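As structure tokens, the structure follows; a few thoughts come after it.
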Amino acid sequence: MNGRPHSLGNLEPVLGKNTGLEDYFGWIGSNFDASITWHDVAWVRENWDGPLVIKGILEPDDARAAVTNGVDGIVVSNHGGRQLDGVSSTARALPSIADAVDGKLPVLVDGGVRSGLDVVRMLALGADFVLVGRAWAYALAGRGQAGVAHVLKLFEAEMRVAMALTGCTKITDIGRAIIDRR
């Protein structure tokens with residue numbers, strides 16, 4: 001970056017302009033509590049009547065706990081694999097999580113979605129909704145609104161091809177039967 005120190009622009013209001021990664025890690029350590037449990041989620045549910053969606057679910061037991069604790073939705077996410085090196089992919093974790101919640105709450109998924117085929121794949125693996133992060137963010141950075149519109153058209157076209165090739169005429173036709181499990 002041309003010899004300049006890295007900046008954490010979204011944290012500047014909290015940390016100040018001239019802070020480095022050490023300050024960021026210190027801030028993370030003081031703001032994220034590793035002792036949080038599902039009892040804390042139950043407390044939030046008791047004190048918050050708005051929508052409650054938990055992101056970062058990778059285990060069926062956690063998905064069942066989300067249902068038990070009155071969560072309105074879950075996001076199967078490995079946070080881009082950046083938080084814990086070697087963590088399972090969302091595509092690998094998704095089917096058992098979808099089975100665990102058994103339609104009792106919406107299952108969203110993010111991570112590894114780079115095309116319309118990936119969207120179809122995640123829906124087939126059990127997601128109710130598929131989140132797309134980097135593709136639209138890169139498109140926005142490259143060409144603004146026109147870039148995002150273009151990426152969404154590409155995703156739609158890729159989804160249509162994947163659906164046609166798997167015999168799905170509507171989104172609700174997409175299911176596990178279209179996945180090759182060899």
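Since we're looking at a predicted model, the values are computed, not measured. We use all heavy atoms of the structure for the numbers below, so side chains are in, but hydrogens, waters and symmetry mates are not.
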Short side-chain to backbone donor-acceptor contact, Asp128 and Val107, under 3.5 Å
yes
Tell me the closest heavy-atom pair linking Leu94 and Met122, and the distance in Å.
CD2-O, 3.3 Å
Between Val53 and Ile74, is any pair of side-chain heavy atoms under 4.5 Å apart?
no
Are Phe129 and Ile97 grouped together when hydrophobic residues (ILVMFWY) are joined by side-chain heavy atoms under 4.5 angstrom apart?
no
Applying the side chain to side chain contact (heavy atoms under 4.5 Å, CB included) criterion to Met163, which one of Val120, Ile178, Leu117 satisfies it?
Val120
What residues form a salt bridge (charged side-chain N to carboxylate O under 4.0 Å, His left out) with Glu59, not counting sequence neighbours?
none
Salt bridge (charged side-chain N to carboxylate O under 4.0 Å, His left out) partners of Asp62, counting only residues at least two apart
none
Rounded at 0.5 Å granularity, tell me how far CZ in Arg64 sits from CD1 in Ile57.
11.5 Å
Minimum side-chain heavy-atom gap Leu52-Val44 below 4.5 Å:
yes
Looking at Asn47, I want to see if its CG is surrounded by more than 12 non-hydrogen atoms of other residues, nucleotides or ligands under 6.0 Å.
yes
Identify the residue among Val76, Val119, Val75 that makes a side chain to side chain contact (heavy atoms under 4.5 Å, CB included) with Leu131.
Val75
Could you check whether any side-chain heavy atom of Met159 comes within less than 4.5 Å of a side-chain heavy atom of Ile171, counting everything from C-beta outward?
yes
Is there a side-chain contact between Leu58 and Arg92, using heavy atoms and a 4.5 Å cut-off?
no
